[in-house]
There are 2 protein chains.
Amino acid sequence: MRDQFNLSEFLPYRLAVLSERVSKRVALAYSESHGLTVPEWRVLVHLSRCRQVSVREIHNCVNLEKPRVSRAVARLEAVGLVDKTESQRDHRLVDISLTEAGWKLLDAIVPEALAVEQQLLSGLSEGDRERLLELMERLHSVLDADPRAATRSRMDLGDSDGPA
Amino acid sequence: MRDQFNLSEFLPYRLAVLSERVSKRVALAYSESHGLTVPEWRVLVHLSRCRQVSVREIHNCVNLEKPRVSRAVARLEAVGLVDKTESQRDHRLVDISLTEAGWKLLDAIVPEALAVEQQLLSGLSEGDRERLLELMERLHSVLDADPRAATRSRMDLGDSDGPA
DNA sequence: GCAATATCGTTTCACTTGCAACGAGTGTCA
DNA sequence: TGACACTCGTTGCAAGTGAAACGATATTGC
């Protein structure tokens, strides 16, 4: 025996497997039924909180590369779920906001997504849930202090509710 | 306010963000320094445990689609890290195993990967670490009972060490 | 023995992805 | 004012991805 390295016990691998499995399950709520991709879903959800934002802000807030946001927004606009208008104050920026159809779609999807989350958490007590989040937060903290790790979007930090 | 849905507090999203961040950090150990992709890394690591396996078995064990395994193995063979030979017992199967160069590469990478894992876990006590894994396992259990969720590879279950 | 079925690894094809480059607009400072 | 550096959102391009189809081999049922 040369290396005794068990992939199944390697934390990064375990996280990846669990995350992917969870993502796939949740995606059924918005992909299968409503034809949304993950980036589109994230953009819509973010808009429901921030009302009118630029591509850059979305990029900074929901962990998506800039081109990905741009393309997701383009598709969402083509389907009539969001509006894009050139900002008046700064003509480089685009003001993106939900249309009425976008709001309606979210009204339908969000409860499903929350139901899946509730189902996932059904095996955990309230204390367990908090412990899990706290442990995950501690892993983040290690990465926050690591210069070679990717930086975390400020919105995902525990503090206040972002801009404006 | 219509929906009050906070993406940053949505467990599936949090898992995805953490997992991606961790993956990127770990990937530095094998990507930046040794030019490996994630699938290639998983294949190599799996081979270090199972010595001689088919594409199908790798696919079943390390959470990679079949074509992805096939292509990863092809690249690894092209670079001389693995050997591919047609199986004698069943001519449809391919026996894949590490070359000496493959072993050497793993000897170099595995300690780096473990070091990153250790660093990640540095903020957690031994008890914390066990609790985290146990909580993750409980999320898996919920999905195991959900017919609409993806099935989990048997190797990632807590039990025995797979075949052969 | 032989057709029908199943399984293996590979490949095809359409699509997504990330990086880098781009044009357009804004700020800055002489 | 004008040149320079910067930021915005988008797009080109090469690489990666998953679903389905493929040829080749094995197995099953008759």
Side-chain angles (χ1 to χ4, degrees), chain A residues 16 19-21 23-24 27-28 30-32 35-43 46-47 52-79 82-97 150-151 153 163, chain B residues 16 19-21 23-24 27-28 30-32 35-43 46-47 52-79 82-97 150-151 153 163:
Chain A
S19 168
E20 192 181 331
R21 208 170 172 218
S23 281
K24 277 191 183 159
L28 293 179
Y30 50 81
S31 157
E32 196 180 67
L36 294 181
T37 65
V38 175
E40 289 161 6
W41 155 251
R42 287 197 192 171
V43 167
H46 183 68
L47 287 176
Q52 194 171 56
V53 288
S54 66
V55 169
R56 183 62 150 197
E57 284 176 276
I58 300 177
H59 155 65
N60 282 334
C61 290
V62 300
N63 267 278
L64 293 174
E65 296 302 314
K66 218 174 20 159
R68 245 174 125 178
V69 174
S70 177
R71 289 189 251 245
V73 168
R75 274 181 304 231
L76 290 172
E77 188 197 23
V79 191
V82 306
D83 275 336
K84 277 172 66 177
T85 57
E86 185 178 276
S87 171
Q88 298 307 324
R89 297 173 299 167
D90 186 334
H91 293 258
R92 294 169 302 181
L93 276 71
V94 180
D95 284 338
I96 304 160
S97 57
T151 57
S153 90
Chain B
S19 168
E20 191 182 331
R21 206 167 173 222
S23 281
K24 276 192 183 158
L28 293 179
Y30 51 81
S31 158
E32 197 180 65
L36 293 181
T37 66
V38 174
E40 289 161 5
W41 155 250
R42 287 198 192 170
V43 167
H46 182 68
L47 287 176
Q52 196 171 56
V53 287
S54 66
V55 168
R56 184 61 150 196
E57 283 176 277
I58 301 177
H59 156 64
N60 283 335
C61 291
V62 300
N63 268 278
L64 293 173
E65 296 303 314
K66 217 174 19 156
R68 250 175 120 177
V69 174
S70 177
R71 289 188 254 243
V73 168
R75 275 180 304 228
L76 290 172
E77 189 197 23
V79 189
V82 305
D83 274 334
K84 277 171 67 177
T85 57
E86 186 178 276
S87 169
Q88 299 307 324
R89 298 173 300 169
D90 186 333
H91 293 258
R92 294 170 303 180
L93 296 163
V94 180
D95 285 337
I96 303 160
S97 57
T151 57
S153 90

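When reading the values below, keep in mind they use all heavy atoms of this one structure, side chains included, and skip hydrogens, waters and symmetry mates. In what follows, every chain begins at residue 1, and chains take the letters A, B, ... in the order their sequences are listed.
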Just how far, in rounded Å, is P of D:dT10 from CZ of A:R56?
13 Å
Grab the CD-P distance between B:E32 and C:dC19 for me, whole Å please.
13 Å
Only one of B:I58, B:V38, B:V55 passes side-chain contact (heavy atoms from CB on, under 4.5 Å) with B:V43; say which it is.
B:I58
C:dC15 P sits how many Å from A:R75 CZ, rounded?
12 Å
Most 5' of A:Q88 and A:T37 on DNA chain C, judged by nearest nucleotide
A:T37
For A:S70 and D:dT10, is the shortest distance between a side-chain N/O and OP1 or OP2 below 4.0 Å?
yes
Please report, rounded to the nearest Å, how far the C1' atom of C:dT17 is from the CG atom of A:L64.
12 Å
Measure the CG-NZ distance between B:D95 and B:K84 for me, rounded to the nearest 0.5 Å.
11.5 Å
Along DNA chain C (nearest heavy atom to each residue), the more 5'-positioned of B:P67 and B:E20:
B:P67
Could a donor-acceptor pair under 3.5 angstrom be found where the side chain of B:R92 meets the base of C:dT7?
yes
Tell me the interatomic distance from A:N63, atom CG, to C:dG18, atom C1', rounded to whole angstroms.
15 Å
Establish, with yes or no, whether the OP1 or OP2 oxygen of C:dG18 is under 4.0 angstrom from a side-chain nitrogen or oxygen of A:R68.
yes
Given atom CD of B:E86 and atom C1' of D:dT25, what is their separation to the nearest angstrom?
9 Å
Protein-nucleotide distance (A:K66, atom NZ; C:dG18, atom P), rounded to Å:
14 Å
Of A:L93 and A:R71, whose nearest nucleotide on DNA chain D comes first from the 5' end?
A:L93
How long is the span from the CD atom in A:E57 to the CD atom in A:Q52, to the nearest 0.5 Å?
10.0 Å
Can you tell me how far CG of B:N63 sits from CZ of B:R42, rounded to the nearest 0.5 angstrom?
6.0 Å
What integer distance in Å separates A:R89:CZ from D:dT7:P?
18 Å
Respond yes when some side-chain nitrogen or oxygen of A:K84 is under 4.0 Å from OP1 or OP2 of D:dC8, and no when none is.
no
Should A:R75 and A:T37 be marked as a side chain to side chain contact (heavy atoms under 4.5 Å, CB included) after you check the CA-CA gap, both sets of side-chain angles, and the distance that decides it?
CA-CA 10 Å; A:R75 274 181 304 231; A:T37 65; 4.1 Å; yes
Measuring to OP1 and OP2 of C:dC8, would you say a side-chain N or O of B:S54 lies under 4.0 angstrom away?
no
